[in-house]
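Structure record follows, encoded as structure tokens.
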Amino acid sequence: MPKQMAELLKHEKQSPTGAQTEIEVAGLSKYFGKRKVLTKISFELEKGGFLSLFGPNGAGKTTLVKILSTLVAPSEGTVSVAGLDPYKNSAAIRAKIGLISHSPLLYLDLSAEENLKFYGAMYGVDNLDARIDELLEQVELDHRRYDLVRTFSKGMTQRLAIARALLHRPSVLFLDEPHTGLDPHAVDIFESLLDTIRQDHTFVMITHNIERGLALCSKAMILYNGQIAFYQNKADLDKDMFNEIYRQKVKGEH
Amino acid sequence: MKKSSLILASAGALLLMAGVYLAFFVAPDAVVRIDDRELVRYSQKIFYFHVPVAETSFVFLLLGGLFGAMYLGTRKRSYEQMSYAAVEVGFIFVLLVMITGVLWTRADWGVWWEWEPRLTTFLVLTLMYSGYFVLRSSVQEESAKARFGAIFSIIAAVNVPLTFVAGRLDSLKPVHPTVFTLQGASMEGPMLAAFLVSMFGMLLFATSLYIMRLDLLRAREDIEYLKEELEVG
Amino acid sequence: MEFQEAWPYVVGVYMSIWAVLLIYVVVLQKKLAAVKRELASLSKAVERKG
Amino acid sequence: MAAGKQVFAIVKKDVLAELRTKEMVIAMLLFVILAMVVFSQAFGVILNDLDRVGGGLLWVAFLFMSMLGLNRSFVHEKDEGCLEGLLMSPIDRPLIFFGKMLGNLLFLSIVELFAVPIFFVLFRLELGASMAGIFLATIFLSNVGIASVGTLLSTISINTKTRDLMLPILFLPVIIPLLIAAVSATGGIMSGEELTEVYRSMRFIAVYDIIFLLVAYALYDYVISE
């Protein structure tokens, strides 16, 4: 662990401040046998950017995120997250990324605090108790600190999931359909929370929710059959073109 | 049939036939002496095919584990196919060991089944490798199927010698005849010749089966690939 | 056991080995033939599509 | 240091969850006792000769009981997606194995600690104090093998369609060498055999443990991550 920390610090010193690239993907392909899951994906995401990833089921969105988060090795091409190669420095990268998924990744039979303490030990978080206090306050769950996650509502669980994802101060956050199963009220809380952490994190979000996805993002991408069907900055986003491609590729209308 | 597998299969078959000839017409009959009476143990003729089958099964199960490890190390699809084909051919031979073993047990000891270390070992192997196929069919995603198949082929291959050693822990004396010991084979001349010819014949034949199985796996994959290409257009 | 009693089992062993191996070969060849047919028709379809 | 903390955290988490629900340990203990009752009713006559069959009886009960626990052990991880959370954290894959394996070993040993005295009482068996030590050592040594192989294989079976049906099919044939040795060791102790025979079996169990700990250590990364 100390070695990894040293590596991280070294990287931070090297990189200049300002709008640097946080995620860089070039010529990325993934095969399972002869089956192509991803073909020649290339894109860049600047630090603090927010990429919304759309696409039908089986388009390769999840595989792409899994490759970025070191869980799957790419077949071809290069990937760099926070200046590191996920395949070579997997442990170092994992320390810098967080995941908020549609399943909470929390143990139902442990209390909120025990869950955070467990993940804190996994990540080797310093001053864990203080960090937990701070986070529970932030997600407004300090009053439920000692309650089992099993007793939480869906919204509360998702808030705790956010606290869990932020515990180790990641610089990149992956959101895998985070709106699934949330009621409108929980979505509001979730998004105001996202707002507060928006500044100093880089996001990649998989979503089927066009409205939210487009509102939040700085870049939008549609994946279809493992290839990029649409990719534009939000600033010069052609809404008609987006809708047309989305209708064709994702909904399958012609 | 592909040329290589045809040549191997015919060479193997010829050797096996030669083995049959040697076993029945050249190798002397096994004789045991009981109270001055000479008894011809005709059932010993089973040995010339039963043991080569057993050893061939080991070779291929071991190869299955080896290729499985190579697949995990390199993630090259071809190793996974090699592992699967080797385990399947090995399994066919394990089944053959069971069939011939049961028949030999009946001929020699007068019962169809005996809880004897080596027979028991092969029964466990049969069940363990049946589990391999059940496991593969119970995983949907291709890559996970390949991964778990390779992993279990390694675990099973590691377990084969352990099962053998454990079988000898029992204080019951094994009744199965032991031909090969550390001191070498307790066979000589025509007997050994007949055995070795059958042994190589069996290995060659098994190799041709393995090549056929591998061709089939590869062709299947090509088909899946072409189908997908056609659908995507 | 002497010849008279043992021979059915000896023959049984040799026959069963040949039988199992031959069945396996025949099954493999049949499947290979079917696969080849399918491959041929697929490659035609690919050609038509260009 | 960090590695030890991570392994300990996994064990602690499993123990805490179990203390909350108590569903696993109690079910396992009840199962063992029920198995003994079923055996006594099914094999009433033979049980007069318990010195010889007692070891086997005990291990059949323990083996099936252990599968109950092993099946549960990954259901929690899988169902709430926790396994993915664990994989996203910077922990070495083999450490996840050691954490889960130690937890399983602990639960198994606790249940057996209660089950063994009950077994001796129910079947009117007696062991001298010196023998009791060797007896428990054999059981613990075997538990290491059961927990290693079981943790490795239950991680695989949890990923299949049939899940808990898959575990026995994979687990039992692989554990048979250990079963043979464990039965011969405990049976030998109970029937007052020469200890050299018993030690031979125990040595085999130790070798089995080491081999499968190494296999699991080498393979676990491939088992758990895509």
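Numbers restart at 1 for each chain; the letters A, B, ... are given by sequence-line order, proteins then strands.
In terms of modelled atom types and a separation under 3.5 Å, the side chain of Ser29(A) and the main chain of Thr39(A) share no donor-acceptor contact. Remark: the backbone N or O of Leu223(A) is not paired with any side-chain donor or acceptor of Lys61(A) at under 3.5 angstrom. Although no hydrogens or angles enter the test, the distance criterion places no donor-acceptor pair under 3.5 Å between the side chain of Glu84(D) and the main chain of Gly81(D). Formation of a donor-acceptor pair under 3.5 Å by the Ser80(A) side chain with backbone atoms of Asp85(A) is not found in this model. A donor-acceptor pair under 3.5 Å is formed between the side chain of Thr202(A) and the backbone N or O of Gly48(A).
Contact count versus chain A (heavy atoms, under 4.5 Å) is highest, among Glu18(D), Lys12(D), Arg93(D), for Arg93(D). Your options are Thr21(D), Ile10(D), Ile91(D), and the one with the most heavy-atom pairs under 4.5 Å with chain A is Ile10(D). Of the listed residues (Leu110(A), Thr70(A), Val72(A)), the one with the most heavy-atom contacts under 4.5 Å to chain D is Leu110(A).
If you measure heavy-atom distances from Leu83(D) to chain A, you find no contacts under 4.5 Å at all. Of the two parts of Leu86(D), the backbone and the side chain both hold a non-hydrogen atom closer than 4.5 Å to a non-hydrogen atom of chain A. Proximity to chain D (any heavy atom under 4.5 Å) is shown, for Leu99(A), by both the backbone and the side chain. With a threshold of 4.5 angstrom between heavy atoms, Lys66(A) approaches chain D through side-chain atoms but not through N, CA, C or O.
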Determine, step by step, whether Glu134(A) and Arg131(A) satisfy the salt bridge (Lys or Arg N to Asp or Glu O under 4.0 Å) criterion, reporting the C-alpha distance in whole Å, the side-chain angles of both residues, the deciding distance to 0.1 Å, and the verdict.
CA-CA 5 Å; Glu134(A) 180 191 347; Arg131(A) 179 72 182 150; 3.4 Å; yes
